[in-house]
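Counting starts at 1 for both ligands and their atoms, in listed order. For the single chain, residues carry numbers from 1 onward in sequence order.
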Amino acid sequence: MSDFSAEFSRNLRASGVVGAGGAGFPAYVKAQGRAECALVNAAECEPLLKKDQKILEYFPGKVFDGLELMMKAVGAKRGLVGIKKKHEKVILRLEEIAKSRKNISVLEMGDYYPAGDEQCLVYEATGRIVPPGGLPLDVGCVVSNVETLYNAAFAPRPVTETFITVSGAVRKPATFRVPVGVTWREAVELCGGATVKAPAYIDGGPMMGKVMTDFEAPVVKASGGIVVLPKDHPLIVKKAQSRPVFSRIGRSTCDQCSFCTEFCPRYMLGHNVQPHRVMRTMLFSSGPGHKLHSQYGLLCCECSLCTLYACPEGLNPREACVAAKADLRELKTGFKNSSLNTGRAPRVHPVRDFRKVPVSKLVKRLGLEGYNKDAPWTEFSYKPPRVKILMSQHIGVPCVPSVKEGQRVEKGAVVGDVAAEKLGCPAHASISGTVGRVNEKYVEITA
Ligand code: SF4
Ligand code: SF4
């Protein structure tokens, strides 16, 4: 690792920069790798979410600064911003800025889902297929989210704010930044509140996000946004299905048509993901048949296309894959030690280009046409009375609180950290104030 990579990686860790696309992977780890191509994932294909586009529209220079730092750290010869063609105005601006930056260009992509899946993005940008169970680094690429690079440009300044979109059934959909640790209820109230009597919230986008039961839950560094919908909206009902319910319905209804597999973006890339075979596990209570078919879910990226778009019976193969992965984790089986790991190089399906799912069709299928509006950039400058800083906002080992009740902290102070040799990064106070409750899950701060 070069001196620059080591220093940049230290700065990223100190500032607590994590993958802001939802995953929360500590960014310093990526900066320690070697890659020929650094990609900015600006595809943002989740319907209704706009935060990456707004960051690129209002703060493009900072994202380019972060990209240049990442390129230098990993030794990349080129940088690519992967963004959908439909964002013409933003693309013009990015191309203008790219002229003054070395080896950076814009990759225009079609408006389909899930263009932002990092393995799909790597293939579109380079023609390379990430090996099954592998990482983009295995094919010489490093992929970072727009907000991650924006934050990287400021490192070692601590990450104390996060960008979010609030959309759906709210009075004034908006994209804005808030201190980490405000509640989702506060974020929705900033947008004028819900327009329906009995709202339900999806944390994240309609496709990959989860239905929330606790509106007082705090916004975290990896949060992308929230979609508010009526509680009885079919998308909420489907997402809230429990395992016994989707298993019972799946067992009696799945006709093994395999549409779920035929539309799966990872299967189309040549990975052995076959959700229709995972659905077969519902016919077995346990035993070898269960395990064999469960393995076909191991490489599922949980994009939800099979469940929310492909299945003609309205079943839930995505959750079947999620459950299968959890079962196999208990048995200590991952892809690498599964019987599907043949070592053969994946080959892209010949009809992949014709099976791409346009986002416009997806929005109709999800019943979101009435909510598919702009969420304009808004500066609220919101000063919350209290924040709750979660100790687990990243992939890896949770932070251990480093402050005590009653202690005074300034904005940006470390309130929890992870041992240097473990995967993880510190959490910071997002406001100045007095520390309230402290436990292994969170640190509360009152202004
Ligand atoms: S698409 Fe639906 S019905 Fe067909 S195999 Fe998949 S889960 Fe079963
Ligand atoms: S959620 Fe379904 S479509 Fe998406 S990767 Fe998993 S199996 Fe494939």
Side-chain angles (χ1 to χ4, degrees), residues 21-23 43 45-47 112-124 129-136 202 204-211 234-235 238-239 241 243 245-284 289 293-329 334-335 338 340 346 348-349 351-352 354-359 361-362 365-366:
C45 45
E46 277 278 7
Y112 57 85
Y113 182 89
D117 172 68
E118 71 172 14
Q119 301 205 1
C120 291
L121 177 64
V122 167
Y123 178 69
E124 295 291 333
I129 306 173
V130 176
L135 295 169
I202 299 175
M207 294 299 283
M208 294 186 76
K210 287 197 176 86
V211 176
L235 182 58
K238 173 59 81 65
K239 279 182 169 285
Q241 258 180 2
R243 186 170 182 175
V245 172
F246 71 71
S247 300
R248 180 169 42 78
I249 302 173
R251 186 163 49 238
S252 57
T253 317
C254 177
D255 58 12
Q256 290 290 291
C257 70
S258 81
F259 277 19
C260 47
T261 296
E262 294 297 327
F263 275 94
C264 173
R266 292 293 177 96
Y267 176 75
M268 286 286 122
L269 268 184
H271 287 189
N272 202 353
V273 187
Q274 299 192 49
H276 75 286
R277 297 185 73 155
V278 181
M279 291 298 284
R280 272 186 224 165
T281 62
M282 292 169 179
L283 299 171
F284 308 96
H293 290 290
S294 294
Q295 292 183 134
Y296 289 96
L298 281 168
L299 296 175
C300 162
C301 65
E302 304 178 16
C303 72
S304 294
L305 209 51
C306 50
T307 291
L308 297 175
Y309 186 83
C311 179
E313 309 283 353
L315 305 182
N316 213 332
R318 186 246 199 203
E319 288 308 318
C321 289
V322 172
K325 285 195 282 184
D327 290 348
L328 290 172
R329 255 196 313 275
F335 181 76
S338 76
L340 300 186
V348 170
H349 199 290
V351 300
R352 178 179 182 269
F354 307 100
R355 293 259 172 86
K356 289 178 177 170
V357 174
V359 172
K361 275 175 94 172
L362 189 59
R365 186 71 61 89
L366 296 174

Chemist: Nearest to atom 6 (Fe) of ligand 2, what protein heavy atom do you find, and at what distance?
Modeler: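 For this ligand atom, the closest protein heavy atom is Cys300 SG, 2.3 Å.
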Chemist: Please round to the nearest 0.5 Å and tell me the distance separating atom CG of Asn316 and atom CZ of Arg243.
Modeler: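 Asn316 CG to Arg243 CZ: 11.5 Å, rounded to 0.5 Å.
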Chemist: Any idea which atoms of ligand 1 are less than 4.0 Å away from a heavy-atom of Ser258?
Modeler: 4 (Fe), 5 (S)
Chemist: Distance-only, no hydrogens or angles: does the Ser252 side chain make a donor-acceptor pair with backbone N or O of Ile249 under 3.5 Å?
Modeler: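 Side chain of Ser252 to backbone of Ile249, a donor-acceptor pair under 3.5 Å: yes, one is there.
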Chemist: Could you pull out the closest heavy-atom pair between Cys306 and Arg318, with the gap in Å?
Modeler: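 That closest heavy-atom pairing would be SG-N, 3.5 Å.
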Chemist: For the side chain of Lys356 and the backbone of Ala115, is there at least one donor-acceptor N/O pair under 3.5 Å apart?
Modeler: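 Side chain of Lys356 to backbone of Ala115, a donor-acceptor pair under 3.5 Å: no, none is there.
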Chemist: Using a cut-off of 2.8 Å, find all protein N, O or S atoms closer to atom 2 (Fe) of ligand 1 than that distance.
Modeler: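 Cys311 SG, with waters left out.
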Chemist: Which pair of non-hydrogen atoms, one from Val273 and one from Thr261, has the smallest distance, and what is that distance?
Modeler: O-CG2, 3.9 Å
Chemist: Taking non-hydrogen atoms only, is Pro275 closer than 4.0 angstrom to ligand 2 via side chain, backbone, both or neither?
Modeler: side chain
Chemist: Fit a plane to each ring of His349 and Tyr267, take the angle between them on a 0 to 90° scale, and name the class: parallel (under 30°), tilted (30 to 60°) or perpendicular (over 60°).
Modeler: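 Geometry flag for Tyr267 against His349: tilted rings.
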Chemist: If you apply the rule side chain to side chain contact (heavy atoms under 4.5 Å, CB included), what do you find for Arg365 with Val357, and how did you get there?
Modeler: CA-CA 11 Å; Arg365 186 71 61 89; Val357 174; over 6 Å; no
Chemist: Could you measure the distance from the SG atom of Cys300 to the NZ atom of Lys325? Nearest 0.5 Å is fine.
Modeler: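 The SG atom of Cys300 sits 4.5 Å away from the NZ atom of Lys325.
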Chemist: Does Pro114 reach ligand 2, in the sense of a heavy atom lying below 4.0 Å from it?
Modeler: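 Contact check Pro114 vs ligand 2: negative.
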